[in-house]
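Only this structure's heavy atoms are used, side chains among them; waters, hydrogens and symmetry mates stay out.
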Number of protein chains: 2
Amino acid sequence: MAYRETEKMRNRKAEARKRIIECTYGCVADGGFRSAQITRIAACAGVATGTIYRHFESKEDLFAEIFRIATQREVDKVAEALAAEDNAVSRLEVALRQFAERALRGPVMAWSLIAEPVDPKVEEERLKFRRAYAQLFEQAIRDGIKEGCLPDQDARQSSTCLVGAIAESLVGPLSPAQADTTEQAETNDHDPLVNSIICFCMQGLTGTRR
Amino acid sequence: MAYRETEKMRNRKAEARKRIIECTYGCVADGGFRSAQITRIAACAGVATGTIYRHFESKEDLFAEIFRIATQREVDKVAEALAAEDNAVSRLEVALRQFAERALRGPVMAWSLIAEPVDPKVEEERLKFRRAYAQLFEQAIRDGIKEGCLPDQDARQSSTCLVGAIAESLVGPLSPAQADTTEQAETNDHDPLVNSIICFCMQGLTGTRR
């Protein structure tokens with residue numbers, strides 16, 4: 001008799017998968033990918049470690065999935081900010097500021113998404129998602145050039161400059177090494193930091209002193 | 001009788017290590033880290049694969065060493081350009097332009113150093129070297145503020161924006177995927193690309209339209 005998956009079994013599998021994802025997400029948000037050991041995830045999700053490998057071919061695949069889920073959330077936030085009713089320069093500024101502020105409010109997860117050395121599968125995802133961010137910015141820059149609020153420029157190149165500038169300038173402030181030594185994390189006063197990143201980015205786009 | 005390494009043995013070991021490094025470097029320059037298989041390196045260097053592991057604990061350690069050697073060369077070039085006798089704005093522009101042009105002239109190696117998904121050990125090195133680039137730029141920005149040719153700004157944050165902008169904007173043009181579809185690689189006319197990256201970076205620093 002052929003093996004048939006009952007609906008109840010399908011539901012249980014789906015629930016286990018959901019718990020594995022939630023627990024991994026929680027581990028990464030708490031201590032980065034390096035703290036997300038399979039045994040710890042299994043204990044949290046209440047499954048055997050073998051069960052995890054029935055849902056994900058490898059730890060790398062599970063990590064890549066978590067990366068996609070968490071990063072897509074940030075991409076959606078940027079898309080949302082860029083879709084507001086305002087001129088392109090304002091929309092770009094709001095989107096960049098929001099990205100930086102969200103990262104600094106959740107520094108462990110943001111560091112893991114932006115810079116934590118993980119493995120090639122996560123690196124592949126990073127490249128894809130940076131392209132996704134850049135495409136959103138590119139469209140807004142094109143809008144700005146058409147609206148006349150941005151000078152003519154290679155929108156594609158400028159969009160990648162934006163993505164690089166904002167990501168790289170957050171690496172230091174987000175890094176666990178720095179978090180221990182700076183008071184900034186305690187006071188939560190990220191304004192000067194965010195302002196100087198936004199200033200560089202907007203000057204780069206507009207060529208106008210801020 | 002205690003084992004004693006003769007000078008001849010030491011020389012032979014040093015030569016083998018040198019050949020292993022040269023061959024790995026050649027492989028990476030030719031087809032990225034992914035093309036640098038241990039068997040290929042061993043054949044090229046004329047050693048047994050086991051010999052490679054006597055010199056480097058793992059392939060990851062060998063790759064990290066190649067990364068350090070190749071990237072230090074670029075860091076030195078940037079340092080050289082920034083040490084020229086000129087005002088800080090010109091020095092920064094020359095250094096950034098040279099960095100981009102050198103990358104586009106050796107796109108396979110540059111892609112491997114900047115963006116190829118490799119492994120966590122190489123990622124660790126990337127973080128360190130990006131810090132090294134940023135520190136060089138930071139000093140030049142401080143000089144520029146003192147000289148009065150740059151407006152007051154957070155030199156540290158601007159330096160990381162520069163590093164991110166130039167690296168990220170080169171990822172697309174350098175990527176093997178794009179090299180196949182664009183004519184740019186064939187014509188070698190990188191001027192518009194380099195100009196738009198430099199324009200964004202210098203505007204970001206100076207707040208002046210170029």
> Where does Leu205(A) contact chain B at under 4.5 Å (heavy atoms): side chain, backbone, both or neither?
Replying inline: both
>> At a 4.5 Å cut-off on heavy atoms, which part of Val118(A) comes close to chain B: side chain, backbone, both, or neither?
In response: backbone
>> What part of Ala115(B) gets within 4.5 angstrom of chain A, counting heavy atoms only: side chain, backbone, both, or neither?
In response: both
> Using non-hydrogen atoms only, which part of Leu162(B) is less than 4.5 Å away from chain A: side chain, backbone, both, or neither?
Replying inline: both
Can you pull out the donor-acceptor contacts between chain B and chain A, under 3.5 Å, including backbone atoms?
from: Arg130(B); atom 1: NH1; to: Glu168(A); atom 2: OE1; distance (Å): 2.6
from: Glu168(B); atom 1: OE1; to: Arg130(A); atom 2: NH1; distance (Å): 2.7
from: Gln203(B); atom 1: NE2; to: Gly204(A); atom 2: O; distance (Å): 2.7
from: Gly204(B); atom 1: O; to: Gln203(A); atom 2: NE2; distance (Å): 2.6
from: Gly207(B); atom 1: O; to: Arg209(A); atom 2: N; distance (Å): 2.9
from: Arg209(B); atom 1: N; to: Gly207(A); atom 2: O; distance (Å): 2.9

